[in-house]
Amino acid sequence: IKQLLFDCDNTLVLSEEIAFQACAELANEILEKNGISDRYTGPELLKEFVGQNFRGMMVSLQKKYGFSLPDEEFDTYVDRELGKVVEMLEAQAQPCEGVLEELETLHKAHKYGLAVVSSSALSRVQASIRKVGMDQYFPADHVFSAASSLEKPTSKPDPAIYLHACKVIGVAPEECVAIEDSKSGAMAARNAKIPLIGYVGPYEDDAEKERMAQLLMEECGAVVVMRHWKQFPECLRKVEETVG
């Protein structure tokens with residue numbers, strides 16, 4: 001294993017709840033405009049669309065409710081959402097518990113390359129990692145976004161962003177380990193044939209943690225699932241033994 005590929009939202013940075021609050025306001029505005037009476041709270045949106053970027057979420061909403069937004073209007077909403085989220089993250093983002101210590105250890109050891117591979121827009125990812133002081137651990141050109149780094153924007157579970165990251169860094173997928181907290185992110189890693197460590201730290205209660213741990217292992221093929229970042233060295237060792 002040469003390279004570690006970290007998801008950002010709710011894997012490195014506790015950003016999903018903050019972001020989905022902003023998403024919900026815009027999603028509700030879109031639903032209202034299209035004569036649909038349903039409304040979402042941030043947590044409801046998070047539960048239904050965790051791991052998808054705003055673009056992916058809007059595509060899912062259009063499918064679910066059978067309406068379509070003109071491209072120009074769609075792009076305007078994407079821009080508005082991004083501005084709103086970046087502003088909120090710059091004010092409120094916090095690191096996932098225990099992750100800074102692990103990144104510091106990895107950074108000092110120089111054994112693995114470190115990169116961020118996210119579905120979120122690049123400016124949002126950069127705002128998140130900068131706010132919590134993680135930007136020092138990731139080379140600027142090794143922060144990848146499915147919404148910004150690809151010729152054609154996409155969202156996980158499409159593996160395109162993982163395959164792009166491997167190509168740019170110059171490693172084969174099997175020489176990497178991905179760390180993901182959501183089904184869509186985990187499936188992207190699986191679809192790219194990258195060994196996976198699941199992470200369930202940010203899920204609120206123990207029942208939800210266990211449900212997600214099971215899903216990440218059984219449906220997404222995670223080699224191992226960690227509940228807290230302090231388990232990372234042991235989990236990485238397990239992956240190296242399994243795939244090594």
Side-chain angles (χ1 to χ4, degrees), residues 1 3-20 46 50-54 82 85-86 88-109 111-149 155-156 161-162 165 169 176-186 188-189 192 194-204 209 212-213 216 220 222 224-236 239:
I1 302 291
Q3 182 73 36
L4 303 178
L5 305 173
F6 299 85
D7 174 46
C8 179
D9 299 311
N10 277 22
T11 297
L12 292 174
V13 182
L14 290 166
S15 51
E16 290 283 40
E17 217 167 282
I18 297 166
F20 273 85
L46 179 58
V50 68
Q52 286 191 35
N53 58 25
F54 186 69
L82 181 57
V85 170
V86 166
M88 288 169 83
L89 287 170
E90 284 173 341
Q92 299 173 36
Q94 294 292 324
C96 289
E97 199 181 328
V99 68
L100 286 168
E101 294 82 344
E102 294 307 322
L103 289 174
E104 180 63 26
T105 303
L106 288 164
H107 184 65
K108 280 182 177 161
K111 188 180 175 188
Y112 308 99
L114 307 179
V116 181
V117 180
S118 174
S119 268
S120 296
L122 198 57
S123 55
R124 169 178 161 176
V125 178
Q126 288 165 333
S128 294
I129 61 175
R130 197 168 51 238
K131 168 74 169 81
V132 298
M134 286 178 193
D135 48 334
Q136 58 181 316
Y137 302 124
F138 300 103
D141 56 349
H142 287 182
V143 178
F144 300 95
S145 152
S148 317
S149 307
S155 184
K156 298 171 183 175
I161 191 58
Y162 270 120
I169 295 164
C176 303
V177 175
I179 302 93
E180 286 278 4
D181 68 293
S182 70
K183 182 180 178 180
S184 56
I194 296 170
L196 173 70
I197 294 174
Y199 172 58
V200 296
Y203 289 96
E204 283 201 350
K209 277 189 173 73
M212 272 312 294
L216 290 167
C220 308
V224 63
V225 173
M226 58 180 183
R227 272 78 178 160
H228 189 283
W229 271 102
K230 65 184 174 208
Q231 298 169 321
F232 182 71
E234 183 196 331
C235 290
L236 186 56
V239 175

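- At a threshold of 4.5 Å between non-hydrogen side-chain atoms, the residues L14 and C96 count as touching.
- Shortest non-hydrogen contact noted between S15 and L89 is CB-CD2, 3.4 Å.
- Listed for the S155 side chain is a donor-acceptor partner under 3.5 Å among the backbone atoms of N53.
- Listed for the Y199 side chain is no donor-acceptor partner under 3.5 Å among the backbone atoms of N10.
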Exercise. Run the side chain to side chain contact (heavy atoms under 4.5 Å, CB included) check on Y137 and L106 step by step: do they pass?
Worked result: CA-CA 9 Å; Y137 302 124; L106 288 164; over 6 Å; no

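- No more than 12 heavy atoms of other residues, nucleotides or ligands sit less than 6.0 Å from atom CD of E204.
- The CD atom of E97 sits 7.5 Å away from the NZ atom of K230 when rounded to the nearest 0.5 Å.
- A pairwise comparison of heavy atoms in I161 and S118 identifies CG1-O, 4.1 Å as the closest pair.
- Atom-to-atom distance recorded for C220:SG and L196:CG is 7.5 Å, nearest 0.5 angstrom.
- The minimum heavy-atom distance linking L103 with F138 is given by the pair CD2-CZ, 3.8 Å.
- No side-chain donor-acceptor contact under 3.5 Å links Q3 to the backbone of C176.
- For the pair K156 (side chain) and Y162 (backbone), a donor-acceptor distance under 3.5 Å is absent.
- The minimum heavy-atom distance linking Q52 with F20 is given by the pair O-CZ, 4.5 Å.
- At least one donor-acceptor pair closer than 3.5 Å links the side chain of Q136 to the backbone N or O of G133.
- In this structure, I194 CD1 and L4 CG are separated by 11.5 Å, a value rounded to the nearest 0.5 Å.
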Problem set entry | Worked verdict on I179 versus F232 for side chain to side chain contact (heavy atoms under 4.5 Å, CB included) | CA-CA 10 Å; I179 302 93; F232 182 71; 3.9 Å; yes

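- Note that NZ of K183 is 9.0 Å distant from CE of M212, once rounded to the nearest 0.5 Å.
- L12 and D7 make their closest contact through CG-O, 3.4 Å (heavy atoms, listed as atom of the first residue, atom of the second, distance).
- Classification of the F6-W229 ring pair by plane angle, with boundaries at 30° and 60°, yields tilted.
- Open room surrounds CD on E17; 12 or fewer heavy atoms of other groups in view lie less than 6.0 Å from it.
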Exercise. Given R124 and E16, is the salt bridge (charged side-chain N to carboxylate O under 4.0 Å, His left out) satisfied, shown in steps?
Worked result: CA-CA 11 Å; R124 169 178 161 176; E16 290 283 40; 3.5 Å; yes

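- For the side-chain hydrogen bond (donor to acceptor under 3.5 Å, both in side chains) criterion with D9, the lone passing option out of S128, S182, S120 is S120.
- By the 6.0 Å contact criterion, CD on E104 is enclosed, its count of non-hydrogen atoms from other residues, nucleotides or ligands being greater than 12.
- E102 contributes no side-chain N or O that, together with a main-chain N or O of V99, makes up a donor-acceptor pair within less than 3.5 Å.
- Across all their heavy atoms, A186 and L216 have their closest contact at CB-CD2, 3.6 Å.
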For this session: Starting from the C-alpha separation in whole Å, work towards a yes-or-no answer on salt bridge (charged side-chain N to carboxylate O under 4.0 Å, His left out) for R130 and E90.
Result: CA-CA 8 Å; R130 197 168 51 238; E90 284 173 341; 3.7 Å; yes

